[in-house]
Amino acid sequence: MSISQLLAQYGEEYVLSLLTTWKLTAICFFAAFVLGILITVLRVSPIRPLRIFADLYVQIFRNIPGACLLILLVYALPYLNVLLSYFTCVTLAASLIPSAFCSEYLMAGINTIAPGQIEAARSLGMTFPMILRRVVIPQALRSSVLPLTNLLTATMLTTALASQVPLKPRDLTGLVSHINTHAVGGVMAFLISASLYCATAVVIGQIGNLIDRKVRILR
Amino acid sequence: MSTGKITARDMLYEEPGPKTRLTVRIVTGISLAALAALAAAVVYRFYATGQLDPKYWTFFGRITTWSFLGKGLIGTLEAAAMAGLIAFTAGFFLMLGRISPFRLLRGLCTALVEFTRGVPTLLFIYFFFLVVPQFGIRMDAFWKISIPVAISACGVVAEVLRSGVNAVPKGQTEAALSLGMRGRSVFLKVVFPQAIRYVIPALIAELVIVVKDTTFAYVVNFPDLMQNAKVLISNYDALLSVYLVTAVIYILLNFFLNRLSVAIAARQKRTMKP
């Protein structure tokens, strides 16, 4: 199929799919960020059981393949009488995995802070919440802009999992598989989706670089 | 996970006084109870829905089950190894392109790197599964999974290798040149061997992503761990237990790969002083 034929027949669906991919990416990234912060708080807390639980959470979700997690959510959970919609399953899978990586980046951000800074803050009489709010969190966030940008791109790539379940409207990957199983879409159908993904990734990367240049701490 | 080094994580609190110690102890007790309740609720769910029935678990005591899963694991490892090999080779050449003095080549390789990094693996897999056969090209399932996985990894590999090359001190190149070595042999014999050492941990971390991506092998019907798990499920009519065990195998495999990467990085920090 030529590009004009493709766009005439599927143009609208491509727009819908792009919006679906963006929507999934936004929801999942937000959820992953919030979950990641929560898990990180548990990981630095002085409560041992919670620390162990959060470390375990991170190890599970950073090492489980996306397909494996999605299949567990979609096909295995109903055996426990937990019925989730396809959309929920995809969102969950594409949030849980990035949340583990988010926590890893935030931990790395915390660990770039020299222990001497915390000692200095304490000797100035700052309380623990003050140290967190004024010393640790601002620096940790500023040094994790680039990792978080990469995480946003990775989250977008993870949402391609949506193509593995029947979802309406389809995401960009699901649309390519749909077009090619119903017609001979050829290379063009693939290239349109790929370039839409790619353009999004490039824009995300540029914005991330811009923010990073503004807030990076020069050491 | 103590690395023996004091990090900000351990420094966040000062030595607690008696009052704080009591609070910590109380909260520890409460959280322990909450976690235990959570675990109990999960186990009860399994029990109440009949998933703890021995028929779902006893076949894991048979050797045939494990040899079948093992065969699948070998399939996964083969596909991952081949994908890793292709990705490394392609990444090497992309990296050469990105540091070459020719502007056009540099631009082309940069575009290719960005393209492979910005497109999901699944889309590449569908390309090889659905689009390539439209041109009458027949491919083995093994290649239909390992090539797309390799393509989606090669851009990252190129960037990792490039960062390694940039990390080799300039003096090394200058010294080699002053000894009369030619440009190409300076790169291949002096710079690249050192660059590789710097980036081995990052390359292993990328291998974890490759292993994860091979789970999509079921799309192209390649008998990897996931696909063999599916066969087991239809044989024993036990979905939940088989998928859970499969997930644990994947998690352990990737966990140990990550551990290896961290261990090598830690060793390098000790032995390679900049």
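Chain identifiers are assigned alphabetically (A, B, ...) following the order of the sequence lines, protein sequences preceding nucleic acid strands; residue numbering begins at 1 within each chain. These values consider heavy atoms only, across backbone and side chains, with no hydrogens, waters or symmetry-generated copies.
Heavy atoms of other residues, nucleotides or ligands lying less than 6.0 angstrom from CZ of B/R106 number more than 12. Other residues, nucleotides and ligands place no more than 12 heavy atoms under 6.0 Å from the OH atom of A/Y86. More than 12 heavy atoms of other residues, nucleotides or ligands lie within 6.0 Å of CH2 in B/W57, so this atom counts as buried by the packing criterion. The 12-atom threshold is exceeded at OH of B/Y236, counting heavy atoms of other residues, nucleotides or ligands nearer than 6.0 Å.
Between chain A and the residues B/L122, B/L240, B/I209, the most heavy-atom pairs under 4.5 angstrom are made by B/L122. Per-residue counts of heavy-atom pairs under 4.5 Å with chain B were compared for A/A199, A/C198, A/G66; the largest is that of A/C198. Between chain B and the residues A/L72, A/T159, A/V176, the largest count of heavy-atom pairs under 4.5 Å involves A/L72. Ranked by heavy-atom pairs under 4.5 Å with chain B, the first of A/I71, A/L50, A/L77 is A/I71. Note: B/L239 leads B/T215, B/L239, B/T214 in heavy-atom pairs under 4.5 Å with chain A.
Side-chain contact between A/T153 and B/R117: absent, with no pair of heavy atoms (C-beta onward) separated by less than 4.5 Å. A heavy-atom distance below 4.5 Å is found between the side chains of B/F46 and A/L80. Using a 4.5 Å heavy-atom cutoff, the side chains of B/R45 and A/N81 are in contact.
Here the shortest heavy-atom pairing between B/K212 and A/R62 reads NZ-O, 2.7 Å. Here the shortest heavy-atom pairing between A/A160 and B/P120 reads CB-CB, 3.5 Å. Scanning all heavy atoms of the two residues, the minimum distance from B/M226 to A/C68 falls at CE-CA, 3.5 Å. Of all heavy-atom pairs spanning B/L130 and A/S177, the tightest one is CD1-CA, 3.6 Å. B/L123 approaches A/S193 most closely through the heavy-atom pair CD2-CB, 3.9 Å. When all heavy atoms of B/L35 and A/P49 are compared, the closest pair comes out as CD1-O, 3.6 Å.
Side chains of B/N258 and A/Q59: a donor-acceptor N/O pair is absent below 3.5 angstrom, by distance only.
Proximity to chain B (any heavy atom under 4.5 Å) is restricted, for A/V136, to the side chain, taken from C-beta onward. Heavy-atom distances place no part of B/F129 under 4.5 Å from chain A, backbone and side chain included. Using a 4.5 Å cut-off between heavy atoms, B/V219 contacts chain A through its side chain alone, with no backbone atom that close. In this structure, no portion of A/L196 lies under 4.5 Å from any heavy atom of chain B. Residue B/I251 touches chain A through both its backbone and its side chain, counting heavy-atom pairs closer than 4.5 Å. For B/R25, no part lies under 4.5 angstrom from a heavy atom of chain A. Heavy atoms closer than 4.5 Å to chain B are found in both the backbone and the side chain of A/A76. Of the two parts of A/Y79, the backbone and the side chain both hold a non-hydrogen atom closer than 4.5 Å to a non-hydrogen atom of chain B. Heavy-atom distances place the side chain of B/Y126, and not its backbone, under 4.5 Å from chain A. At a 4.5 Å heavy-atom cutoff, B/L253 makes no contact with chain A through either its backbone or its side chain.
A/T173 OG1 to B/F124 CZ: the interatomic distance, rounded to the nearest 0.5 Å, is 10.5 Å. To the nearest 0.5 angstrom, B/L252 atom CG is 8.5 Å from A/N63 atom CG. Rounding to the nearest 0.5 Å places OG of B/S31 at 6.0 Å from CD1 of A/I47.
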Verdict with supporting geometry, A/L157 and B/T121, side chain to side chain contact (heavy atoms under 4.5 Å, CB included):
CA-CA 8 Å; A/L157 299 183; B/T121 315; over 6 Å; no

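Ring orientation note: the planes of A/F190 and B/F115 are nearly perpendicular, at an angle over 60° on the 30°/60° scale.
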